There are 2 protein chains.
Amino acid sequence: MMVTIYDIAKQAGCSAMTVSRVINNTGRISDETRQRVLDIMKEMNYVPNAMARSLVKQESRILSLLITDITNPFYTSLARGAEDAARELGYRLLLANSDEELAKEKEYIDTVLSARVDGVLFAPAGDASLPNLKRLRKQNLPFVLIDREVPGIECDMVLGDSKEGAKRLTSHLIEQGHARIALLGGSRGVSTARARQAGYEETLQLSGLPYREEYVAESHYRAGEIARHVKRLMALPEPPTALFAANNFLALGAIRALRDQGLRVPEDVAVVCFDELEAGFVLDPFMTVAAQPAYDFGVLGIRLLVDRIQGKAAEDWRRVVLPPTVHLRRSSGGT
Amino acid sequence: MMVTIYDIAKQAGCSAMTVSRVINNTGRISDETRQRVLDIMKEMNYVPNAMARSLVKQESRILSLLITDITNPFYTSLARGAEDAARELGYRLLLANSDEELAKEKEYIDTVLSARVDGVLFAPAGDASLPNLKRLRKQNLPFVLIDREVPGIECDMVLGDSKEGAKRLTSHLIEQGHARIALLGGSRGVSTARARQAGYEETLQLSGLPYREEYVAESHYRAGEIARHVKRLMALPEPPTALFAANNFLALGAIRALRDQGLRVPEDVAVVCFDELEAGFVLDPFMTVAAQPAYDFGVLGIRLLVDRIQGKAAEDWRRVVLPPTVHLRRSSGGT
DNA sequence: TATTATTGGGTTATCGATAACTCTAAACTA
DNA sequence: TAGTTTAGAGTTATCGATAACCCAATAATA
């Protein structure tokens with residue numbers, strides 16, 4: 001249907017190979033022939049067929065970005081960074097959302113393998129993503145993990161310093177005078193959730209505060225579940241006066257649940273969390289957060305990936321850790 | 001490098017064509033042969049090469065989503081809808097941000113033509129995108145416009161009812177007692193900006209309010225420019241008491257500028273705008289907006305596109321118009 | 001002048017799949 | 001029993017490009 005190099009060649013009175021050479025600027029071509037071919041290409045609106053080229057070159061110049069949900073502001077910014085970096089490096093970007101479902105993740109792994117993308121920037125659902133990663137590894141497809149690491153697989157990664165961020169948030173609450181601090185944690189099957197919990201525990205200990213089992217909840221992301229956990233926490237004989245939510249979604253759910261119970265934030269309960277609640281500029285951010293440089297996660301992730309693809313990376317796996325920035329705001333009485 | 005049907009064929013002692021038939025469930029294959037081939041495919045971790053298939057089938061099963069900026073909450077949700085719909089229909093999605101720059105848009109058009117995507121879901125920068133659209137049309141590549149239409153091109157589109165939304169927002173301000181309402185409009189080279197201005201003007205007229213030239217500003221998205229416009233408006237002998245911003249970004253910039261001048265919203269100036277300021281759930285939305293069903297924009301856009309690609313669409317161009325929902329909130333004293 | 005390089009290409013095979021056609025043996029039919 | 005179907009494959013060409021090798025004419029060199 002579309003114009004091919006053979007059509008161009010016929011018009012120009014040369015071989016397809018000559019056209020290919022003009023396109024790629026390889027081999028020896030006389031200026032005269034080159035110009036003739038270029039003119040005809042323009043005239044006929046020739047557009048090279050990247051798939052045909054990919055087939056013989058064994059590279060597609062397509063990368064895949066597999067995240068859990070583009071509407072999570074962290075991933076929104078990350079995706080933007082990834083796209084910008086990919087474009088700059090001459091790659092296109094295939095987007096997919098896994099919703100933290102392993103089945104979707106697996107399905108998508110099949111898709112990218114089939115599409116012969118050159119690499120995958122991958123935010124895994126959690127430790128259970130291991131088989132999916134092994135699948136990529138077995139097929140020799142380069143990938144870079146972002147945000148979460150997965151025990152059992154060695155690879156390049158771009159992570160945040162979850163433990164450090166958790167320490168700072170917890171310290172902040174303690175400095176605000178809180179002694180009864182609850183943790184609304186994410187699934188223990190996710191590396192960041194574990195690190196955040198570790199930071200929380202360690203900070204309590206260093207501050208001489210008791211670690212209380214009953215102050216720790218492990219919640220999935222369903223709103224109902226969050227509300228149940230919050231309810232239980234606030235019904236304790238000594239209810240917490242502050243809540244550390246392990247991520248933005250949990251924090252939103254928690255504040256909703258608190259309000260539903262007639263509790264005010266921060267007057268009755270202070271709340272802090274990981275990750276911003278919004279992607280772009282926002283008017284009056286309410287939540288005290290440990291914000292991560294999401295855009296940079298995307299940019300660096302793509303760069304690591306492309307380095308690896310192009311064989312420019314050192315043999316050893318690289319592990320980039322980006323520090324979070326704590327923003328003190330109203331939700332913790334921080335301002 | 002990766003396993004091909006020829007490798008499978010050799011192992012199974014049959015021809016490549018037989019393997020292809022098993023994969024596609026076409027032709028006649030004995031159960032015995034089929035099972036043998038399937039077993040070997042699994043054993044050897046065979047993954048079909050979608051590019052090779054695309055080359056001969058003349059379809060890639062890839063769609064392209066070209067938006068202005070994924071971090072704009074409207075496009076964040078739209079992208080999610082598009083991806084969900086694409087997946088459901090068996091397509092992959094290539095993502096790109098144009099930043100409303102025609103050059104980036106053009107560059108990306110070249111990319112998708114070269115990638116031989118099956119279609120493009122396209123949020124154009126504005127009327128000036130016409131040549132880019134004509135390029136797609138000339139190459140016979142199906143596309144669907146989203147959010148904005150472009151005079152001079154006929155095609156499928158999914159639009160919001162900008163005029164109606166503008167009317168409702170303006171009416172709301174009038175009902176709140178405002179008589180001096182300014183419009184901070186977008187570029188007149190964008191269809192939605194024109195429609196919103198039309199709705200604004202019409203509503204003023206119907207309400208017997210004068211249309212004042214000096215109350216209308218046309219601003220691009222640079223923060224400095226927004227601030228300058230706001231400054232001018234508020235320095236008028238009779239400054240406006242309410243401001244209708246044509247989109248979320250303008251509204252943000254306007255509120256910033258107002259605050260920098262020591263003006264409070266909504267006490268000194270009420271502000272309303274088109275589109276939500278955030279993509280997902282948010283705690284206490286402040287802005288009175290005409291919200292558009294962004295997710296549905298994406299889903300419907302992809303469906304129109306795929307219908308068109310698969311020849312299931314009626315010959316006539318379809319134009320889907322989705323109504324906005326007005327949310328009355330604090331920024332206009334609406335609640 | 002004879003020989004070697006270089007220029008400016010062309011030819012053929014290949015990437016990994018599918019379309020379209022062919023072919024053979026067994027089954028079925030008249 | 002001879003002819004016709006049909007099941008179950010195989011063969012070859014093709015999609016649109018590039019890699020690798022080849023080749024004639026001209027230019028440079030001994």
Side-chain angles (χ1 to χ4, degrees), chain A residues 1-38 40-41 44-62 110-111 113-118 139-141, chain B residues 1-38 40-41 44-62 110-111 113-118 139-141:
Chain A
M1 188 65 109
M2 286 181 72
V3 178
T4 74
I5 54 170
Y6 296 95
D7 302 322
I8 305 291
K10 186 178 286 179
Q11 279 295 312
C14 66
S15 74
M17 201 56 223
T18 300
V19 178
S20 173
R21 287 187 178 113
V22 170
I23 294 170
N24 296 287
N25 237 317
T26 56
R28 304 178 215 282
I29 304 285
S30 70
D31 288 349
E32 187 197 359
T33 305
R34 175 190 313 281
Q35 199 51 56
R36 185 156 33 94
V37 169
L38 286 173
I40 293 175
M41 275 171 37
M44 297 182 74
N45 285 305
Y46 171 74
V47 181
N49 185 325
M51 289 189 314
R53 174 184 288 151
S54 298
L55 192 55
V56 55
K57 288 212 145 191
Q58 302 282 58
E59 65 160 14
S60 62
R61 291 249 144 198
I62 299 179
D110 284 342
T111 294
L113 283 172
S114 180
R116 297 302 196 264
V117 303
D118 292 342
Q139 298 287 350
N140 223 19
L141 185 59
Chain B
M1 187 65 109
M2 287 181 73
V3 178
T4 73
I5 54 169
Y6 296 95
D7 302 322
I8 305 291
K10 187 179 287 179
Q11 280 295 313
C14 67
S15 74
M17 200 55 224
T18 299
V19 177
S20 174
R21 287 189 179 111
V22 170
I23 294 170
N24 295 288
N25 237 318
T26 56
R28 306 178 213 280
I29 303 285
S30 69
D31 287 348
E32 186 197 1
T33 306
R34 175 190 312 282
Q35 200 50 55
R36 185 156 33 94
V37 169
L38 286 174
I40 293 175
M41 275 171 36
M44 298 182 75
N45 284 304
Y46 171 74
V47 181
N49 185 325
M51 290 189 313
R53 174 184 289 153
S54 298
L55 193 55
V56 54
K57 288 213 145 189
Q58 301 283 56
E59 65 159 15
S60 62
R61 291 249 144 198
I62 298 181
D110 285 341
T111 294
L113 283 171
S114 180
R116 298 298 197 265
V117 303
D118 292 342
Q139 299 286 351
N140 222 19
L141 185 58

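Here is how names work: the chains are called A, B, and so on, in the same order as the sequence lines, proteins then strands, and each is numbered from 1. Because the structure is predicted, anything quoted here is derived from the model rather than measured.
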### Query
A:M17 has an atom CE; how far is it from atom C1' of C:dT11, in whole Å?
11 Å
### Task
Report yes if a side-chain nitrogen or oxygen of B:T33 is closer than 4.0 Å to either non-bridging phosphate oxygen (OP1 or OP2) of D:dA9; otherwise report no.
yes
### Query
Rounded to whole angstroms, how far apart are CD1 on A:I23 and P on D:dA19?
12 Å
### Query
Could you state the CG-P distance from B:L113 to D:dG16, rounded to the nearest angstrom?
15 Å
### Message
Does C:dT14 have OP1 or OP2 under 4.0 Å away from a side-chain N or O of B:Y6?
### Response
no
#### Entry: Between P of D:dA17 and OH of A:Y46, the distance in whole Å
3 Å
### Query
For D:dG16, does OP1 or OP2 lie under 4.0 Å from any side-chain N or O of B:Q58?
yes
#### Entry: Interatomic distance, A:D31 CG vs C:dG8 P [rounded to whole Å]
8 Å
### Query
Expressed in angstrom and rounded to an integer, what is the separation of A:K57 atom NZ from C:dG16 atom P?
16 Å
### Task
Look at A:N24 and D:dT18 and indicate whether a side-chain polar atom (N or O) is within less than 4.0 Å of OP1 or OP2.
yes
### Query
For D:dT18, does either OP1 or OP2 sit under 4.0 Å from a side-chain N or O belonging to A:R53?
yes
#### Entry: Spacing between B:L55 atom CG and D:dT14 atom P, to the nearest angstrom
14 Å
#### Entry: Comparing B:R21 and B:R116 on DNA chain D - which has the more 5′ nearest nucleotide
B:R21
### Distance test, side-chain N/O of A:R28 to OP1/OP2 of C:dG8, below 4.0 Å
no
### Task
Tell me what B:T4 touches on the nucleic acid: a base, only sugar-phosphate, or nothing, going by heavy atoms under 4.0 Å.
sugar-phosphate
#### Entry: Protein-nucleotide distance (A:M41, atom CE; D:dG16, atom P), rounded to Å
16 Å
### Task
Determine: side-chain N/O of B:S54 to OP1/OP2 of C:dA17, distance under 4.0 Å, yes or no.
no
### Query
Contact class for A:S30 vs. all strands (heavy atom < 4.0 Å): base, sugar-phosphate, or nothing?
sugar-phosphate
### Worked verdict on A:V19 versus A:I40 for side chain to side chain contact (heavy atoms under 4.5 Å, CB included)
CA-CA 10 Å; A:V19 178; A:I40 293 175; over 6 Å; no
